[in-house]
Amino acid sequence: MGERRISSVPGMQDLAEPEAGLWRRIERRFVETCRRYGLEEVRTPIVEYEDLFSYSLGKSTEVVQKEMYSFPEATGRRLALRPEGTAGVLRYVSESRPATEDVRLFYYGPMFRRERPQAGRRRQFHQLGVELICAADPVADAECVALQVDVLRAAGLGNFVLRINTRGDLGDINRVTQGLRQQLHPFLPELCPDCRRRYETNVLRILDCKRDGCRRIVGRTPEPATYLSDASRSYIEQVYAVLDRLGIAFRVEPRLVRGLDYYAHTIWEVTHPGLGAQDAVAGGGRYVVQIGTRRIEGVGFAVGMERLIIALQREGAGLPGRREIRVWLAAVGEEARAANLKLACQLRAEGIACLVALRFQSLKAQMRAAAKSGAELVLIRGDEELRRGTIRLRELDSGRERDLPAGRVLEAVRGVLGPLGGRA
RNA sequence: GUGAGCGUAGCUCAGUCGGUUAGAGCGACAGGUUGUGGCCCUGUAGGUCGCGGGUUCGAGUCCCGUCGCUCACCCCA
């Protein structure tokens, strides 16, 4: 048993300041935006039974076949770390919500996929997600897209592209799949090895291939839309019409494909030019999933947090400022330290962020620390102040100092800091 | 799963043709007369040179393997 160096697990990273502050801000704005659309929060477990994902996402999908972290429970039944958020939310709906109710939900948290890490791709990644559980209706789909756009704007993102397409219903999907197989069959030898594999596993993906040779061949096949039933065509046209009325800019992307089996009808993807190869910052669509005996329909989307952060940084978004410390309590001597801690707690009770040294330090060291913390005020207390029952208040910008009776300190601090009530 | 590029201090990096005790800047900590910050000066701590093997009198440096990181393929948010 050789000792192994302790490190974080590949593809799973620590999140610390100042980035953590940016995450907090984005999550807060996400929640606010969702609330304006009347959504409720749901937090589902990170671990589910593996079958939930294989059935809902599709057994042959890449995610289920080779990207899931799964392991047997003591009983032998297999568990899995969730690779995406929708399945768990729908499981919750099937267990806890009446089938007749429309449900509007949002969630956020970590997801796990065993992929090779890359720019904008981690093994633990985080999504902000929304699910509107409701029957197929173009207006519902359009509202979901509107919320998608609002969520990204609220996060501060400007420069994204919304690409929309439809998969049609299950009948359409079958017709497209079969039709494409027929059309592509003669060209099979000319397709790249990946596409020859896709021909069997996931024909639609061939539409997405980046190789010139494959693109040329795909260009000669009819667009998937030609296989759509009249009803499906009319459905997506209505979605587009409502989006136009909302003034939402989007591009119809006839070759846009999604990788999970549950999608039907409207699908979309949001890309960002700053992202590199993994350029989808968000994606969503309408879906139908069978959970046990219940068939659940809805429309939803997920935003990739890590990618959103990258995109924001490419747009030059700044990180939030440093800590919110406003007062530093400096002590000379142990007696004064203890007295300061008590005062610090009183200040904190009033909402004033303040710090005391965690160990014995010279006054000089404490002053340095105070300046570095960004505090505006230092309260100094030593033997002399203890004897006289005073505290020295120093304003760091001006260097002005005055001695105050200890009982007056709270009032004086309030006066100097001005109206409280939290900085943004 | 496949391919390419990179691994030297907390961070950014230097390290000559293979040659002595591996360096700098920033950061951290401490000091610069009594109890006073920023600037400045001085000092201190911090390194299994990713890890293992090989070549060599001698390896941070060359070779092989391995692990990790990064980017791309694949796939997806």
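Please read all numbers here as calculations on a predicted model, not as lab measurements.
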Atom pair distance, as rounded to whole Å: [atom1] in [X] and [atom2] in [N]:
X        : N     : atom1 : atom2 : answer
A/Asp194 : B/C74 : CG    : C1'   : 6 Å
A/Tyr199 : B/C74 : OH    : P     : 20 Å
A/Arg197 : B/G1  : CZ    : C1'   : 10 Å
A/Asp14  : B/C69 : CG    : P     : 12 Å
A/Ile310 : B/C71 : CD1   : P     : 8 Å
A/Glu115 : B/C73 : CD    : C1'   : 12 Å
A/Met68  : B/G1  : CE    : P     : 17 Å
A/Gln148 : B/A77 : CD    : P     : 11 Å

Sugar-phosphate, base or nothing in reach of [X], heavy atoms under 4.0 Å:
X        : result
A/Glu62  : sugar-phosphate
A/Gly11  : sugar-phosphate
A/Gln278 : base
A/Gly129 : nothing
A/Ala370 : nothing

Can you name the nearest heavy-atom pair linking A/Ala330 to A/Gln366, along with the distance?
CA-OE1, 3.1 Å
If you take all heavy atoms of A/Ile291 and A/Ser94, which pair is closest and at what distance?
CG2-OG, 3.4 Å
Rounding to the closest angstrom, what is the interatomic distance between [N] and [M] at atom [atom1]?
N     : M     : atom1 : answer
B/G60 : B/C49 : C1'   : 5 Å
B/C26 : B/C69 : C1'   : 23 Å
B/A30 : B/A45 : C1'   : 10 Å
B/A59 : B/G54 : P     : 11 Å
B/C74 : B/U2  : P     : 16 Å
B/A14 : B/U61 : C1'   : 13 Å
B/A4  : B/G43 : P     : 48 Å
B/G18 : B/G31 : C1'   : 42 Å

Salt bridge (Lys or Arg N to Asp or Glu O under 4.0 Å) contacts touching [range] (sequence neighbours left out):
range                       : answer
residues 335-345 of chain A : A/Glu334-A/Arg337
residues 175-193 of chain A : A/Asp172-A/Arg175
residues 296-318 of chain A : A/Arg295-A/Glu297

Would you kindly say whether A/Ser70 and A/Arg78 are connected by a side-chain donor-acceptor distance under 3.5 Å?
yes
For the residue pair A/Tyr227 / A/Gln178, report whether a side-chain donor-acceptor contact shorter than 3.5 Å exists.
no
Side chain to side chain donor-acceptor pair (under 3.5 Å) involving [X] - partner list, sequence neighbours excluded:
X        : value
A/Gln182 : none
A/Asp403 : A/Arg392
A/Glu253 : A/Arg163

Against the side chain of A/Tyr263, the closest entry in B/A77, B/C74, B/G1 is B/A77
Interface with RNA chain B, restricted to residues 150-167 of chain A and to heavy atoms under 4.0 Å
none
Can you see if the side chain of A/Gln118 gets near the phosphate of B/A77 - specifically, an N or O under 4.0 Å from OP1 or OP2?
no
side-chain N/O A/Arg211 vs B/C74 OP1/OP2, d < 4.0 Å:
no
Could you pull out every donor-acceptor pair under 3.5 Å between side chains of residues 144-156 of chain A and any protein atom, sequence neighbours left out?
from     : atom 1 : to       : atom 2 : distance (Å)
A/Gln148 : OE1    : A/Trp268 : NE1    : 2.9
A/Asp150 : OD2    : A/Tyr37  : OH     : 2.7

Stem list for RNA chain B, please, built from Watson-Crick and G-U wobble pairs under 3.5 Å and keeping only runs of at least 3.
B:1-7 with B:67-73, B:10-13 with B:23-26, B:28-32 with B:40-44, B:50-54 with B:62-66
Nucleotides 29-40 of chain B: protein proximity per nucleotide (B base, S sugar-phosphate only, - neither; heavy atom, under 4.0 Å)
SSBB--BBBB--
Side-chain donor-acceptor pairs of residues 132-141 of chain A under 3.5 Å, sequence neighbours excluded:
from     : atom 1 : to       : atom 2 : distance (Å)
A/Asp137 : OD1    : A/Val139 : N      : 2.8
A/Asp141 : OD1    : A/Tyr235 : OH     : 3.3
A/Asp141 : OD1    : A/Arg286 : NE     : 2.7
A/Asp141 : OD1    : A/Arg286 : NH2    : 2.9
A/Asp141 : OD2    : A/Tyr235 : OH     : 2.9
A/Asp141 : OD2    : A/Thr266 : OG1    : 2.7
A/Asp141 : OD2    : A/Arg286 : NE     : 3.3

Give a yes or no on whether a donor-acceptor pair under 3.5 Å exists between the nucleobase atoms of B/C75, that is its base, and the side chain of A/Arg116.
no
ring-ring contact (aromatic ring centres under 6.0 Å, His included) contacts touching residues 168-207 of chain A (sequence neighbours left out)
none
